[in-house]
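Atoms within each ligand, like the ligands themselves, are counted from 1 in listed order. Computed from a predicted structure; not experimentally measured.
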Amino acid sequence: MASTTATPFGTSSNDYIDQVISQVKAKNPAEPEFHQAVREVLDSLRLVLKRHPEYQSAKILERIVEPERVILFRVPWIDDHGNVQVNRGFRIEMNSAIGPYKGGLRFHPSVNLGILKFLAFEQVFKNSLTTLMMGGGKGGSDFDPKGKSDNEVMRFCQSFMTELARHIGPDTDVPAGDIGVGGREIGYLFGQYKRLKNEFTGVLTGKGLNWGGSLIRPEATGYGCVYFAAEMLKTKGDSLEGKECLVSGSGNVSQYTVEKLLDLGAKPITLSDSSGVIFDPEGIDREKLHWVMELKNMRRGRIREYAEKFRKAEFLPTNVELDHNPLWKIKADCAFPSATQNEINAADAANLIKNGCKLVSEGANMPSTADATNLFLDAKIFYGPAKAANAGGVATSGLEMSQNSMRLGWTREEVDKRLHTIMCAIHKTCYDTAEAYGTPGNLVNGANIGGFLKVANAMMDQGLV
Ligand code: NDP
Ligand code: 2IT
């Protein structure tokens, strides 16, 4: 909606926001994912600045798009053949207004500064929505764990942590997992941190259960994303019972999304990895899910093996020539993108809507392009944006930090109950905020504004730092 609302400086809030977006692009060239994430949040904030020009005079937007600190470092290591390898390590400490920097580490060959800045930026608002006190950060490396031996992964993690250790701490910055970083990597990283610092602290989350980890943390992102979907449906008296569901990816988030969908009586019918998609019209049941977990977490194999093992399933190989992903062309009631950013483009969104998909709940971070998001909003389907729908992972990391501080551990039931309560609270914040700002049902605005206000007010309280 065009507006000419006056601000103390005579510039309309819309013009001001356009200026900030232009500055972000000019100052951070070649970071398209960061531009995309910033534009989405700032577009929602047009509604806020009209009511709160004080954020403009305090330059909250200019400050919030600038990381508090960016750490970039060399990670040298020796492979199994005795060759020297060199990767790049990063940690983006984005915002600490409401708590220590918190966010995952991603190990994937596509990792670069712009991708980690988009993830760190998203994390600031996501962590604010969780109701817990956590700032935002993200890190990682262009290291590719695929095809590496356990010893190579260990040597890489030790070298990575040798530098990272001086920048993090249980009250400063608490990393966790993300793509390519699971229990194995967190173990090697924790071991090296403890050795360097001679301290056993909650400096990482996603730890093993015997050494400070929390029950339900591995499950939390997938479970939380399904709880969020159930909350969206509940507003119209509906449930997941009997719904056919598309799930992409086949890693941590996808696996536990499938598990919780089964718990709630839904029928998951797809999974994928970078090699392609499997479509199982009979449904992925618990036995097949168990087989996938063994394939992905132990044997580290490719998803195409699923179609060789379960003969009713079809394998659709990745085809970069296509303008769409065949996964999103399969008819279903609900979609749970759980692989990576921009995995749903406008053509995919149009296919989902055309085939009657009524709900999208984002497990991955920013899985929909801006055009795809707009199509979902225009179609008025239930659309749970990533920073709300996948916040269960980091929320349970926050619960792991609390347990570490108290030096005790809650039961599975206790943590799951808290996770469920948090996901319901996040949905309520998004739903109520969307309504309060005049865009009922638009959970993108609800999440962006709801996440922003807490951080912005903390920044106002703490002065110019
Ligand atoms: P995993 O490494 O466990 O799994 C990632 C999955 O996505 C794999 O199946 C992988 O396939 C696929 N994938 C990754 N990158 C690409 C790509 N460029 N193209 C095609 N497929 C790809 O990661 P997670 O499950 O932890 O993370 C998945 C998503 O969820 C990410 O967006 C992450 O940021 C987000 N997320 C994760 C949280 C967590 O707690 N782990 C919390 C909140 C969000 P392949 O093996 O072939 O690469
Ligand atoms: O994107 C995310 O929220 C995560 N990868 C989890 C971060 C965390 O600190 O648990």
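For atom 9 (O) of ligand 2, the closest heavy atom belonging to the protein is Lys102 NZ, 2.7 Å. Of all protein heavy atoms, the one closest to atom 17 (C) of ligand 1 is Thr340 CG2, 3.6 Å. Nearest protein heavy-atom contact of atom 6 (C) of ligand 2 is Arg217 NH2, 3.6 Å. What sits closest to atom 2 (C) of ligand 2 on the protein, heavy atoms only, is Lys126 NZ, 3.3 Å. Looking only at heavy atoms of the protein, atom 42 (C) of ligand 1 is closest to Thr221 OG1, 3.3 Å. Closest to atom 10 (O) of ligand 2 among all protein heavy atoms lies Ser397 OG, 2.5 Å. Scanning the protein heavy atoms around atom 7 (C) of ligand 2, the nearest turns out to be Gly104 N, 3.5 Å.
Aromatic rings of Phe156 and Phe143 (six-membered ring for Trp) have centroids within the 6.0 Å cut-off, being under it. In this structure, the ring of Phe107 has its center less than 6.0 angstrom from the ring center of Phe160.
Annotation: side chain of Glu66 is not in contact with side chain of Met94 (no heavy-atom distance under 4.5 Å). Counting only heavy atoms from C-beta outward, the side chains of Thr396 and Val415 approach each other to under 4.5 Å. Annotation: side chain of Asn351 is in contact with side chain of His324 (closest heavy-atom distance under 4.5 Å).
Residues Asn390 and Glu362 bring no donor and acceptor atom of their side chains to less than 3.5 Å of each other. Between the side chains of Asn404 and Lys207, a donor-acceptor pair is found at a separation under 3.5 Å. Defined by atom type and a distance below 3.5 Å, a donor-acceptor pair is present between the side-chain atoms of Asp280 and Tyr306.
Within 4.0 Å of atom 10 (C) of ligand 1, not a single protein heavy atom is present.
Ligand-side atoms of ligand 1 in range of Ser274: 11 (O), 20 (C), 21 (N), 45 (P), 47 (O), 48 (O), range being under 4.0 angstrom from any heavy atom. The distance from ligand 1 to the heavy atoms of His108 drops below 4.0 Å at these ligand atoms: 15 (N). Proximity to Gly363 (heavy-atom distance under 4.0 Å) selects the following atoms of ligand 1: 30 (O), 35 (C), 36 (N), 44 (C). Residue Arg302 has at least one heavy-atom neighbour below 4.0 Å for each of these atoms of ligand 1: 46 (O), 47 (O). Per-residue contacts place Ser272 under 4.0 angstrom from the following atoms of ligand 1 (heavy atoms of the residue considered): 9 (O). Each of the following atoms of ligand 1 lies closer than 4.0 Å to a heavy atom of Gly249: 9 (O). Taking every non-hydrogen atom of Lys138 and a distance limit under 4.0 Å, the qualifying atoms of ligand 2 come out as 1 (O), 2 (C), 4 (C), 5 (N). Each of the atoms 31 (C), 32 (O), 33 (C), 34 (O) of ligand 1 lies under 4.0 Å from some heavy atom of Arg106. Short contacts between ligand 2 and Gly103, defined as distances under 4.0 Å to a heavy atom of the residue, involve ligand atoms 7 (C), 9 (O).
Within the cation-pi definition used here (under 6.0 Å to the ring centroid, within 45° of the axis), Lys260 does not qualify as a partner of Tyr227. Under a cutoff of 6.0 Å and an axis angle of 45°, Lys194 and Phe200 do not form a cation-pi pair.
Under 4.0 angstrom from ligand 1, the non-hydrogen atoms of Ser338 all belong to its backbone. Of all the heavy atoms of Gln341, none lies under 4.0 Å from any atom of ligand 1, so neither backbone nor side chain is involved. Within the 4.0 Å heavy-atom criterion, neither part of Glu343 lies near ligand 1. With a heavy-atom cut-off of 4.0 Å, Arg217 touches ligand 1 through its side chain alone. At a 4.0 Å heavy-atom cut-off, ligand 2 does not touch Lys387 at all.
Considering only non-hydrogen atoms, atom 13 (N) of ligand 1 lies nearest to Ala339 out of Ser248, Gly393, Ala339, Gly276. Nearest to atom 5 (C) of ligand 1 by heavy atom, out of Ile179, Asn342, Thr396, Asp178, is Ile179.
Although no hydrogens or angles enter the test, the distance criterion places no donor-acceptor pair under 3.5 Å between the side chain of Lys197 and the main chain of Gln192. Listed for the Trp77 side chain is no donor-acceptor partner under 3.5 Å among the backbone atoms of Cys157.
Distances shorter than 4.0 angstrom do not occur between any heavy atom of Pro175 and any atom of ligand 2. Under a 4.0 angstrom heavy-atom cut-off, Glu122 registers as lying outside contact with ligand 2.
Not a single N or O atom of Ala176, backbone or side chain, sits closer than 3.5 Å to an N or O atom of ligand 2. Taking only nitrogen or oxygen atoms, main chain and side chain alike, Asn390 does not reach within less than 3.5 Å of ligand 2. Checked by distance only, ligand 1 and Lys138 stay at 3.5 Å or farther apart across all their nitrogen or oxygen atoms.
Ion pair Arg155/Asp80 flagged as a salt bridge, since at least one NZ, NE, NH1 or NH2 atom sits closer than 4.0 Å to an Asp/Glu carboxylate oxygen. Arg286 has a carboxylate O that lies under 4.0 Å from a charged side-chain N of Asp263, or vice versa, which qualifies the two as a salt bridge. Checked for salt-bridge contact, Glu219 and Arg412 meet the test: a charged N lies under 4.0 Å from a carboxylate O.
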